[in-house]
Amino acid sequence: QVQLVESGGGSVQAGGSLRLSCAASGRTFSDYAMGWFRQAPGKEREFVAGIRWGSGGTYYADSVKERFTISRDNAKNTLYLQMNSLKPEDTAVYFCAAPREGRRRIYYSPKNVADFNTWGQGTQVTVSS
């Protein structure tokens, strides 16, 4: 069983930057893909970014491409999300997530909520105009 704890959220003005962190424990972090999701009030949880096992290839939602960067430090069991050029529509609670399967599966790129069975508690990101 894996445990996830996010940090780094806050309030910024449009155009600003934030860096989210997610500390993982309880499972071999480096053996799995990982993902970031977000949920705005009254909306469904949506995929933001993912990073594969192994080579660490990344993939993003179209809405955040060229602005957000997902990365991982396997030695520290930590997942990151660097968010630049933030917009008011990025306001949401951000969650890191671990998939239910896919240990050491090359090219496995989960991005549906149903692909993930472990979630952090979430961290609030608020972007003002």
Side-chain angles (χ1 to χ4, degrees):
Q1 186 74 8
V2 62
Q3 293 81 41
L4 303 171
V5 179
E6 301 98 336
S7 61
S11 297
V12 296
Q13 290 192 325
S17 299
L18 283 173
R19 188 193 196 202
L20 306 183
S21 299
C22 173
S25 62
R27 187 173 77 175
T28 305
F29 172 77
S30 59
D31 282 354
Y32 293 85
M34 293 290 293
W36 284 99
F37 288 74
R38 67 187 181 187
Q39 188 166 17
K43 295 189 176 182
E44 294 187 349
R45 192 167 298 188
E46 65 174 3
F47 171 78
V48 174
I51 187 165
R52 302 181 189 95
W53 166 77
S55 66
T58 59
Y59 48 106
Y60 299 91
D62 288 344
S63 59
V64 306
K65 280 181 181 177
E66 309 299 330
R67 300 190 299 122
F68 290 11
T69 302
I70 186 173
S71 61
R72 65 194 302 166
D73 185 333
N74 290 332
K76 296 182 178 180
N77 286 351
T78 302
L79 181 72
Y80 302 100
L81 185 68
Q82 177 67 45
M83 304 184 295
N84 298 328
S85 302
L86 282 161
K87 305 175 180 180
E89 51 264 44
D90 295 318
T91 295
V93 177
Y94 283 71
F95 301 88
C96 66
R100 62 180 73 250
E101 61 182 8
R103 181 176 181 268
R104 297 193 176 188
R105 282 177 56 185
I106 298 175
Y107 305 126
Y108 181 56
S109 307
K111 59 190 310 182
N112 297 312
V113 171
D115 294 329
F116 295 81
N117 65 342
T118 302
W119 301 84
Q121 83 286 357
T123 185
Q124 177 70 46
V125 172
T126 303
V127 185
S128 58
S129 58

Can you pull out every salt bridge (charged side-chain N to carboxylate O under 4.0 Å, His left out) where at least one residue sits in residues 101-111? Sequence neighbours excluded, please. D31-R103, D31-R104, E101-R105

Enumerate the side chain to side chain donor-acceptor pair (under 3.5 Å) contacts for residues 7-22, please, sequence neighbours excluded, ordered by first and then second residue. S17-N84

Partners passing side chain to side chain donor-acceptor pair (under 3.5 Å) against D62 (at least two apart in sequence or in another chain): K65

Closest non-hydrogen atoms of V48 and Y94, given as atom of the first, atom of the second and distance, are CG2-CE2, 4.3 Å

How would you list, by chain and number, every residue that makes a side chain to side chain donor-acceptor pair (under 3.5 Å) with Q124, sequence neighbours excluded? T126

Is V93 isolated, or which residues cluster with it under the ILVMFWY side-chain rule of less than 4.5 Å, directly or via members? F37, F47, Y59, F95, V113, F116, W119

Under 3.5 Å, side chain of Q121 to main-chain N/O of V5, donor-acceptor pair present? no

Derivation of the side chain to side chain contact (heavy atoms under 4.5 Å, CB included) call for T58 and F68: CA-CA 11 Å; T58 59; F68 290 11; over 6 Å; no

Residue list, side-chain contact (heavy atoms from CB on, under 4.5 Å) with A23, at least two apart or on another chain: none

With sequence neighbours excluded, what pairs up with N77 under the side-chain contact (heavy atoms from CB on, under 4.5 Å) test? F29

side-chain contact (heavy atoms from CB on, under 4.5 Å) filter on R67, not counting sequence neighbours, yields V64, S85, K87, D90

Would you please test L20 and M83 for side chain to side chain contact (heavy atoms under 4.5 Å, CB included) and show each step? CA-CA 8 Å; L20 306 183; M83 304 184 295; 3.8 Å; yes

Residue pairs meeting disulfide bond (SG atoms under 2.5 Å apart), one or both in residues 69-129, sequence neighbours left out, come to C22-C96

Just jot down the side chain to side chain donor-acceptor pair (under 3.5 Å) partners of S30, sequence neighbours excluded, or say none. none

Listed once per pair and sorted, the salt bridge (charged side-chain N to carboxylate O under 4.0 Å, His left out) pairs that draw on residues 40-59, sequence neighbours left out: R38-E46

For residues 119-129, which residue pairs qualify under salt bridge (charged side-chain N to carboxylate O under 4.0 Å, His left out), counting only residues two or more places apart or in two chains? none

